[in-house]
Number of protein chains: 2
Amino acid sequence: MYSHELFHTLHQLSRQLTNKLNEALKPFGLFNAQWAVIFVLNKRGSLTQKELCDYLFVEAPPMTRTIQRLVKQGYVKQVPGIDKREKHVQLTQEALKLYPEWENAVNKVNQGLLKHFPSASQEELSKLQKSWLHQLL
Amino acid sequence: MYSHELFHTLHQLSRQLTNKLNEALKPFGLFNAQWAVIFVLNKRGSLTQKELCDYLFVEAPPMTRTIQRLVKQGYVKQVPGIDKREKHVQLTQEALKLYPEWENAVNKVNQGLLKHFPSASQEELSKLQKSWLHQLL
DNA sequence: ACAAATTAATTACCTAGGTAACTATATTCC
DNA sequence: GGAATATAGTTACCTAGGTAATTAATTTGT
């Protein structure tokens, strides 16, 4: 019964990566969860909070909090939709200006984390993870 | 640059598994992090909190909290060591009595989570994860 | 032998993410 | 058209895990 070990290793790996990313984002006053939102908004433009939740597979309450912190920092604005329940979230000019710098830092740390992990292994790992995840959902 | 995707999938996978485990533990009034401690204590007997931290790669403060909850529930006791700074943590009779039931529930949910994921893939995934994790530490 | 440095555990405070309950707006269904 | 239902977002409260600072006990170094 080594399923325990599999789960344990996965959990630890996830935590280590999160910690390293947070460390790299610290100089910019950003955290992991905020970066995830910023990254998606930069790629997709304007999204409702529901759409962000669905995309990132996160429940609504933590998303509300993450967005509120980003609003307070001036990196995101909430625009009321035609459907008045919805809030369309988008990056501010300030965030768009700083984005390349952030992405650069993130890419650099990601590259460092993968440096000694062969790209064939990365491919294989990515494939296995996606396959398992899709079965779970 | 699909490192983003690799990290994102890993993070989500970890969260999904944690959620499923928590769901399975709910009837017993236990949570994921508590189970990790109980599992190790059952295997290893008595350990100091420091040893538990090292084994589970968790910082001391969250470990203190997890143990305090287990003490309150009557599943764990803290025995002062010869080195008076240390606290040796061990399962209570109550916990030892209930352990098989808990393990059974956990094994069942783990089995369910891995059901449609071929065991060759499990092996491969486990190998890749461990290899990457050891490079990071 | 005693001052300085180290270590185990705790406390306070932060982010991350989960559920349950609530509010306000939209949609459905007689 | 109006009552019932569903949906988007928020609030309150829980566990999980991180850092920084604190306390008490032990070990080191002179």
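Residue numbers start from 1 in every chain, and the chains themselves are labelled A, B, ... in the order their sequence lines are given, proteins ahead of strands.
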Requested in this report: Answer yes or no: is there a donor N or O on one side and an acceptor on the other, between the side chain of Gln90(A) and the main chain of Lys77(A), under 3.5 Å?
Outcome: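 Side chain of Gln90(A) to backbone of Lys77(A), a donor-acceptor pair under 3.5 Å: no, none is there.
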Report task. Check whether any side-chain N or O of His134(A) sits under 3.5 Å from a backbone N or O of Lys130(A) as a donor-acceptor pair, and report yes or no. Result ->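 A pair under 3.5 Å: yes.
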Given [options], identify the nucleotide with an atom nearest to the side chain of [X].
X: Lys26(B); options: dT19(C), dT26(D), dG18(D); result: dT19(C)
X: Gln68(A); options: dT11(D), dT25(C), dA16(D); result: dT11(D)
X: Asp83(A); options: dA26(C), dA25(D), dA9(C); result: dA26(C)
X: Phe31(A); options: dT11(C), dT15(C), dT25(C); result: dT15(C)
X: Arg65(B); options: dC13(C), dA16(D), dA8(C); result: dC13(C)
X: Arg85(B); options: dA8(C), dA9(C), dG18(D); result: dA8(C)
X: Glu59(A); options: dT10(C), dA16(C), dG18(C); result: dG18(C)

Whole-Å gap separating [atom2] ([N]) and [atom1] ([X]):
X: Lys72(A); N: dT10(D); atom1: NZ; atom2: P; answer: 14 Å
X: Leu17(A); N: dA16(C); atom1: CG; atom2: P; answer: 16 Å
X: Gln49(B); N: dT7(C); atom1: CD; atom2: C1'; answer: 13 Å
X: His11(B); N: dG17(D); atom1: NE2; atom2: C1'; answer: 12 Å

Any [X] side-chain N or O less than 4.0 Å from OP1/OP2 of [N]:
X: Gln34(B); N: dA16(D); result: no
X: Thr64(B); N: dT10(C); result: yes
X: Gln78(A); N: dG9(D); result: no

Query raised in the report: DNA chain D: Lys50(A) or Gln16(A), which has the more 5' nearest nucleotide?
Result: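 In this pair, the answer is Lys50(A).
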Report task. Select base, sugar-phosphate, or nothing to describe what Asn22(B) touches, counting heavy atoms under 4.0 Å on all strands. Result ->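 The residue Asn22(B) makes no contact with any strand.
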Report task. Give a yes or no on whether the ring-centroid distance for Trp35(A) and Tyr75(A) is below 6.0 angstrom. Result ->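 When the ring centroids of Trp35(A) and Tyr75(A) are compared, they turn out to be at least 6.0 Å apart.
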Requested in this report: Using a strict cut-off of less than 4.0 Å between a Lys/Arg side-chain nitrogen and an Asp/Glu carboxylate oxygen, indicate whether Arg44(A) and Glu51(A) qualify as a salt bridge.
Outcome: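 Result for this pair is no, no salt bridge flagged.
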Query raised in the report: His4(B) vs Phe39(A) aromatic rings, parallel, tilted or perpendicular, using cut-offs 30° and 60°?
Result: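 Rings of His4(B) and Phe39(A): tilted, 30 to 60°.
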